[in-house]
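Encoded as structure tokens, the structure appears first; notes follow it.
Because the structure is predicted, anything quoted here is derived from the model rather than measured.
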Amino acid sequence: MVRVRAPELPLSYTWLNTDKPLSIKQLKGRIVILDFWTYCCINCIHVLPDLKYLEQKYKDSLTVIGVHSAKFDNEKDIQNIRQAILRYDIEHPVLVDQDFRVWQEYAARAYPSFMVIDPEGYLIATLMGEGKRDVLDELIQKVIQQHQDKGTINLQKINLILEKQQQPVITPLAFPGKVLATPSYLFIADTGHHRIIVTTLEGELLHVIGSGKSGLKDGDFSSTEFFAPQGIVFDENQILYVADTENHALRKIDLRRQLVETIAGTGIQSRNLHPTEGNALDTPLNSPWDLVKHKNQLYIAMAGSHQIWMMELETNIIKTYAGTGAEACFDGELENSVFAQPSGITINSNFLYTADSESSSIRAINLETGKVTTICGSGDLYLFGDKDGIGEEVRLQHCMGVEYAQGNVWVADTYNHKIKLVNPRTGECKTVLGNGASNIKFSEPSGLSILNSNLYIADTNNHAIRRVNLNTLEVTTLKISGLCAPDFCIPNIP
């Protein structure tokens with residue numbers, strides 16, 4: 001059998017999470033896994049815990065290198081990649097793959113792809129997709145044994161200078177994903193700090209819900225744990241429902257009793273894409289990203305399985321509502337429709353609207369007829385941009401937030417750093433904010449909420465909540481009194 005040498009990595013490209021470039025030659029004696037990824041991709045996010053597990057288990061013999069081969073234009077920006085490394089707590093070196101050079105040299109074909117290189121610098125395996133931890137674990141053990149017998153493995157830990165050591169996120173909010181304004185409260189998914197923040201509409205701190213440590217733990221407000229929570233919805237019974245995204249769970253927060261409990265999901269990611277129905281606590285979920293309540297039902301944007309799910313709160317039955325589980329943009333009946341990483345969901349009396357992030361489109365589901373339609377955007381996974389217009393001529397770039405208000409759908413056009421307004425009847429889309437009219441520049445905004453004449457924006461990479469007066473379009477930053485990053489001070493909560 002012909003052995004293939006691994007192509008050398010470009011030393012002149014930008015490297016992150018390391019103080020110097022790494023080469024295959026320099027890493028001789030170690031096993032190397034190249035992870036080809038792009039930070040928008042939910043499948044790429046899913047494999048990060050597997051890679052972290054392997055890195056920690058084999059820290060003396062394994063080096064993982066993330067090869068960031070950007071899908072969207074916005075993902076080519078070095079600072080945006082650095083923010084993604086901080087957001088997802090990536091602790092291995094990342095090579096910024098300009099113009100897909102490394103991708104092409106290694107003949108990668110999908111996100112994510114893994115290339116395994118042995119201690120002698122030969123490419124010995126190529127794997128694609130999620131769920132490869134056990135396969136990689138077994139392969140690494142086999143390679144270690146083979147090369148220990150040959151005397152060609154070098155067992156020693158490599159020390160890296162990480163981005164989080166150079167630029168730690170110690171802001172009061174960290175990568176807030178979603179925001180919800182109600183007459184009495186403002187709720188913030190403090191995603192990067194793994195907690196929920198409750199304030200008044202003016203920013204007075206009322207509650208910090210969550211210890212700030214990532215985990216899946218029910219209990220009182222100070223001891224409970226979340227893992228990168230996103231979507232939130234509040235009902236008249238003082239109950240807040242949370243899409244606990246990286247726990248693959250739904251949580252219920254009782255404000256009166258000040259208790260948190262898990263109501264759906266097992267804490268383990270589902271890999272089943274077939275239509276599912278069952279008891280909510282016995283049914284694995286797949287990265288629930290946003291949710292909305294209608295009557296006594298929760299509708300869930302299940303980003304990881306590219307579907308919309310529904311939970312009956314009276315019976316605790318959860319099921320697939322729309323989407324086959326394939327990743328694309330096809331309209332039609334609920335069971336035949338196809339979504340692409342839906343990351344935002346909102347509702348009026350007759351329609352659900354979703355931000356279909358990977359197809360850069362806004363979709364609608366008629367609750368009466370069960371028909372799925374595309375309101376605006378190309379519907380093509382690789383056709384995106386920044387163009388106002390009507391219907392298919394509209395170009396968005398990885399939109400992640402939607403909010404219905406007064407007959408229109410407001411859109412967080414996340415990778416264009418803009419807020420846009422869509423007429424769901426005509427499909428007309430126009431830019432409202434982020435076009436230079438304000439002195440505040442957004443950075444990957446991903447959550448919206450409207451109350452009266454104010455629009456609240458989760459300005460994710462700026463670690464801030466913005467408030468927009470819709471009458472004047474004046475943008476201000478919400479100041480939250482007494483809020484601190486976990487472990488940096490103890491908030492004074494009334």
Side-chain angles (χ1 to χ4, degrees), residues 39-50 52 83-84 86-90 130 173-180 187-197 209-218 224-233 240-253 260-271 280 283-292 298-309 311 318 323 327 339-345 354-358 398-402 412 414 444-448 458 460-461:
Y39 75 78
C40 69
C41 170
I42 191 70
N43 311 93
C44 299
I45 296 170
H46 285 161
V47 304
L48 292 175
D50 294 342
K52 183 163 286 191
Q83 291 288 332
L86 294 170
R87 186 187 316 182
Y88 296 116
D89 194 25
I90 295 171
E130 301 180 38
L173 298 175
F175 303 105
K178 302 293 182 183
V179 62
L180 175 65
F187 299 100
I188 302 164
D190 189 10
T191 308
H193 286 149
H194 312 293
R195 60 188 185 176
I196 304 296
I197 305 301
I209 307 174
S211 68
K213 298 178 181 178
S214 62
L216 179 55
K217 180 181 178 182
D218 292 342
T224 193
E225 293 174 353
F226 300 88
F227 193 175
Q230 290 279 351
I232 40 184
V233 65
L240 184 73
Y241 298 95
V242 180
D244 197 2
T245 302
E246 293 196 34
N247 274 326
H248 310 289
L250 302 183
R251 315 290 292 279
K252 182 174 79 171
I253 299 174
V260 179
E261 65 176 304
T262 303
I263 61 169
T266 63
I268 304 298
Q269 180 196 346
S270 170
R271 302 198 187 280
T283 304
L285 310 181
N286 194 339
S287 292
W289 208 278
D290 200 9
L291 42 77
V292 70
L298 288 179
Y299 289 93
I300 306 130
M302 201 71 72
S305 61
H306 313 293
Q307 294 168 325
I308 307 301
W309 282 42
M311 179 176 174
I318 197 167
E327 183 180 11
F339 295 82
Q341 202 173 310
S343 302
I345 191 167
T354 70
D356 212 33
S357 63
E358 282 294 288
H398 199 73
C399 46
M400 296 187 72
V402 283
T414 305
E444 297 193 7
S446 52
L448 304 175
T460 303
N461 279 3

Calculate, to the nearest 0.5 Å, the distance between atoms [atom1] and [atom2] belonging to [X] and [Y] respectively.
| X | Y | atom1 | atom2 | answer |
| --- | --- | --- | --- | --- |
| Ile253 | Ile209 | CD1 | CD1 | 4.0 Å |
| Phe339 | Ile308 | CZ | CD1 | 5.0 Å |
| Leu180 | Phe187 | CG | CZ | 6.5 Å |
| Gln307 | Thr354 | CD | OG1 | 12.5 Å |
| Lys217 | Ser211 | NZ | OG | 7.0 Å |
| Met302 | Ile318 | CE | CD1 | 5.0 Å |

For the residue pair [X] and [Y], establish whether any side-chain heavy-atom pair is separated by less than 4.5 Å.
| X | Y | value |
| --- | --- | --- |
| Ile42 | His306 | yes |
| Lys178 | Trp289 | yes |
| Tyr241 | Ile263 | yes |
| Arg251 | Thr224 | yes |

Whether the side chain of [X] engages the backbone of [Y] through a donor-acceptor N/O pair (distance < 3.5 Å, no angle test) should be reported.
| X | Y | result |
| --- | --- | --- |
| Asn43 | Glu130 | no |
| Thr245 | Pro288 | yes |
| Asp356 | Ala340 | yes |
| Asp190 | Arg195 | no |
| Asn286 | His248 | no |
| Ser357 | Pro342 | no |
| Gln230 | Ala243 | no |
| Thr191 | Gly177 | yes |

Can you see which heavy atom on [X] is nearest to which on [Y], and at what distance?
| X | Y | result |
| --- | --- | --- |
| Pro229 | Ala189 | O-CB, 3.7 Å |
| Ala355 | Gly401 | CB-N, 3.9 Å |
| Ile188 | Pro176 | CG2-CB, 4.1 Å |
| Val47 | Cys44 | CG2-O, 3.2 Å |
| Phe226 | Asn247 | C-ND2, 3.7 Å |
| Val292 | Ile345 | N-CG2, 4.0 Å |

Does a donor on one side chain sit under 3.5 Å from an acceptor on the other, for [X] and [Y]?
| X | Y | value |
| --- | --- | --- |
| Glu444 | Gln83 | no |
| His46 | Ser287 | yes |
| Thr262 | Asp218 | yes |

Report task. Would you sort out whether Lys213 and Glu225 count as a salt bridge (Lys or Arg N to Asp or Glu O under 4.0 Å), showing the intermediate values? Result -> CA-CA 6 Å; Lys213 298 178 181 178; Glu225 293 174 353; 5.9 Å; no
Report task. Could you tell me which residues satisfy salt bridge (Lys or Arg N to Asp or Glu O under 4.0 Å) with Glu246, sequence neighbours excluded, listed by chain and number? Result -> none
Report task. Before giving the answer on side chain to side chain contact (heavy atoms under 4.5 Å, CB included), spell out for Trp309 and Thr283 the whole-Å C-alpha distance, their side-chain angles and the decisive distance to 0.1 Å. Result -> CA-CA 12 Å; Trp309 282 42; Thr283 304; 3.9 Å; yes
Query raised in the report: Does the pair His194 and Phe227 meet the rule for a ring-ring contact (aromatic ring centres under 6.0 Å, His included), with working shown?
Result: CA-CA 5 Å; His194 312 293; Phe227 193 175; 5.5 Å; yes
Requested in this report: Please check if atom NZ in Lys52 has more than 12 non-hydrogen atoms from other residues, nucleotides or ligands closer than 6.0 Å.
Outcome: yes
